[in-house]
Amino acid sequence: MSKIAPRALADLIRRPIISEKATVQLEENKYTFEVDPRATKPQIKAAIQDLFQVRVIGVNTQNPPQKKRRMGRFAGHRPQYKRALVTLAPGDSITLFPEV
């Protein structure tokens with residue numbers, strides 16, 4: 001694996017995915033993120049550890065199927081994305097909802 005600049009690692013993680021299933025998995029210390037489709041598991045692990053200062057135990061990825069989308073008579077596809085399920089070490093956590 002080639003060394004990636006920390007600035008490029010931040011661009012791999014797009015946003016956290018907040019769904020009913022994802023919020024249930026927060027109790028098991030598992031966080032779900034939308035990532036760049038070209039990102040590899042070691043790159044995702046390095047990016048999460050660098051951005052949030054936590055220890056990552058495992059990374060599972062999924063490429064959901066592309067869905068069709070229509071605008072009038074024009075047909076196309078929704079943007080392709082990759083989902084990453086990141087398991088953190090016991091005691092570590094990421095604050096997705098900061099206290100205001």
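Values below: every heavy atom of this structure, side chains too, minus hydrogens, waters and symmetry copies.
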When hydrophobic residues are tied together by side-chain contacts of less than 4.5 Å, even through go-betweens, does [X] share a cluster with [Y]?
X     : Y     : answer
Val86 : Leu96 : yes
Leu88 : Ile18 : yes
Val54 : Val35 : yes
Ile17 : Leu85 : no

How long is the gap from [atom1] on [X] to [atom2] on [Y], to the nearest 0.5 Å?
X     : Y     : atom1 : atom2 : answer
His77 : Lys68 : NE2   : NZ    : 5.0 Å
Asn60 : Lys41 : CG    : NZ    : 5.5 Å
Leu26 : Thr32 : CG    : OG1   : 7.5 Å
Gln66 : Gln80 : CD    : CD    : 5.0 Å
Phe33 : Tyr81 : CZ    : OH    : 15.0 Å

Please check: side-chain N/O of Asn63 versus main-chain N/O of Lys82, any donor-acceptor pairing under 3.5 Å?
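Not a single qualifying donor-acceptor pair exists.
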Quick check: does any side chain N or O of Ser19 sit under 3.5 Å from a backbone N or O of Ala22, one acting as donor and the other as acceptor?
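Yes; at least one donor-acceptor contact below 3.5 Å.
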Tell me the closest heavy-atom pair linking [X] and [Y], and the distance in Å.
X     : Y     : value
Lys45 : Val56 : CE-O, 3.4 Å
Ile57 : Pro90 : CD1-CD, 3.9 Å
Asn29 : Gly91 : ND2-N, 4.4 Å
Ala47 : Ile13 : CB-CG1, 3.9 Å

Side chains of Ile48 and Tyr31 in contact at under 4.5 Å (non-hydrogen atoms)
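Side chain of Ile48 against side chain of Tyr31, heavy atoms only: no contact under 4.5 Å found.
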Do Val59 and Pro42 make a side-chain contact, defined as non-hydrogen atoms from C-beta onward lying under 4.5 Å apart?
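A side-chain contact under 4.5 Å is absent here.
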Kindly write out the residues that satisfy side-chain contact (heavy atoms from CB on, under 4.5 Å) with Gln62, not counting sequence neighbours, or none if the list is empty.
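Gln62 satisfies side-chain contact (heavy atoms from CB on, under 4.5 Å) with Pro64, Arg83 once adjacent residues are dropped.
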Partners meeting side-chain contact (heavy atoms from CB on, under 4.5 Å) with Ala39 (sequence neighbours left out)
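Ala39 satisfies side-chain contact (heavy atoms from CB on, under 4.5 Å) with Leu12, Asp36, Gln43, Ile44 once adjacent residues are dropped.
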Can you list every pair that meets salt bridge (Lys or Arg N to Asp or Glu O under 4.0 Å) and has a residue in residues 13-25, with sequence neighbours left out?
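For residues 13-25: Arg14-Glu34, Arg15-Glu34.
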Is it true that, when you exclude Arg38 itself, more than 12 heavy atoms of the residues, nucleotides or ligands shown sit nearer than 6.0 Å to its CZ?
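No, the 6.0 Å shell around CZ holds no more than 12 heavy atoms from other groups.
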